[in-house]
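For reference, the structure discussed in these notes is given below.
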Amino acid sequence: DVQMTQSPSSLSASVGDRVTITCRASQGINNGLAWYQQKPGKVPKLLISAVSTLQSGVPSRFRGSGSGTDFTLTITSLQPEDVATYYCQKYDSAPLFGPGTKVHI
Amino acid sequence: QVQVVQSGAEVKKPGASVKVACKASGYTFSDYYIHWVRQAPGQGLEWMGRISAKSGGTDHAQRFQDRVTMTRDTSISTAYLELRSLRSDDTAVYYCARGHISGASFFDYWGQGTPVTVSS
């Protein structure tokens, strides 16, 4: 079975910092990768699909990249409202989420 | 506008069953899959399965294969998740979410979540 890992599990950064979250699949997933943001007590929100396609209304400071088994979510300038847990999810076959990365300020 | 509204919180005893409803509006219900995702307290997201709103065909995560039934009623644009033989570790928020129009299993609209508590 494919496994999804994320690193780090949590991070603390300052407003304006560039933040990078890594997601790794144990085998290739044909670029079927999405990223979600879940703020405390809220419903997950789709940020990015197909590795790098930003969803409508999502700020351009969020960027997705990668291929094969290694993928990255970058927040180019961290804002206070970005405090959340971020999940990657593969969807090439049976959907599977990564364990999440909690972002603090 | 697309809306996905779920039924309210449930408290169940171990061994019981729960049925969660997910009503969609603002789009053509039969054009999409509805997926079910759960989140235990303080934990991550876990995909449970999906149902084609058009055909009623389902796919489940293997660990839920024997305990889950997903159905839908196209006349009222509502999908249902039934989970049987509840255990304490089934305590979670259960979300329904709409799959992408392409059929790809990522989720663009989510319900508000239905908390299910399993406790004796």
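Each chain gets a letter, A, B and so on, in the order the sequences are listed, and its residues count up from 1.
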Distance (rounded to the nearest 0.5 Å) between [X] [atom1] and [Y] [atom2]:
{"X": "B:Gln62", "Y": "A:Asp1", "atom1": "CD", "atom2": "CG", "answer": "7.5 Å"}
{"X": "B:Gln43", "Y": "A:Phe97", "atom1": "CD", "atom2": "CZ", "answer": "14.5 Å"}
{"X": "B:Leu45", "Y": "A:Cys88", "atom1": "CG", "atom2": "SG", "answer": "10.5 Å"}

Practice task
Please indicate whether B:Arg67 has more than 12 foreign heavy atoms, meaning atoms of other residues, nucleotides or ligands, lying under 6.0 Å from its CZ.
Solution key: yes

Practice task
Give a yes or no on this: more than 12 heavy atoms of other residues, nucleotides or ligands lie within 6.0 Å of atom NZ of B:Lys23.
Solution key: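 Enclosed.
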
Exercise for the section: Consider only side-chain heavy atoms of I, L, V, M, F, W and Y, link residues closer than 4.5 Å, and tell whether A:Val83 and A:Leu47 are in one cluster. Expected result: yes

Practice task
Identify whether A:Val51 and A:Leu46 are in the same connected component of the hydrophobic contact network (ILVMFWY, side-chain heavy atoms under 4.5 Å).
Solution key: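 No, A:Val51 does not connect to A:Leu46 through the hydrophobic network.
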
Practice task
Can you tell which part of B:Val93 gets under 4.5 Å to a heavy atom of chain A, answering side chain, backbone, both or neither?
Solution key: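 Interface part for B:Val93: neither.
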
Exercise for the section: Examine distances only and state if a side-chain atom of A:Gln89 and a backbone atom of B:Trp47 form a donor-acceptor pair shorter than 3.5 Å. Expected result: no

Exercise for the section: Evaluate the ring planes of A:Tyr91 and B:Phe106, with Trp represented by its six-membered ring, and classify them as parallel (under 30°), tilted (30 to 60°) or perpendicular (over 60°). Expected result: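 The arrangement is tilted - the two ring planes meet at 30° to 60°.
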
Problem - Note, B:Phe107 side chain near A:Pro44 side chain (heavy atom, < 4.5 Å) - result: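 Side-chain contact under 4.5 Å: no.
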
Do any side-chain atoms of residues 27-34 of chain A form donor-acceptor pairs under 3.5 angstrom with protein atoms, and if so which ones, sequence neighbours left out?
none

Exercise for the section: Using the test side chain to side chain donor-acceptor pair (under 3.5 Å), find all partners of B:Arg84 that sit at least two apart in sequence or belong to another chain. Expected result: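 Result, side chain to side chain donor-acceptor pair (under 3.5 Å) vs B:Arg84: B:Thr69.
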
Problem - Option that, when pairs with chain B are counted at under 4.5 Å, heavy atom only, ranks first among A:Ala50, A:Ser49, A:Pro95 - result: A:Pro95

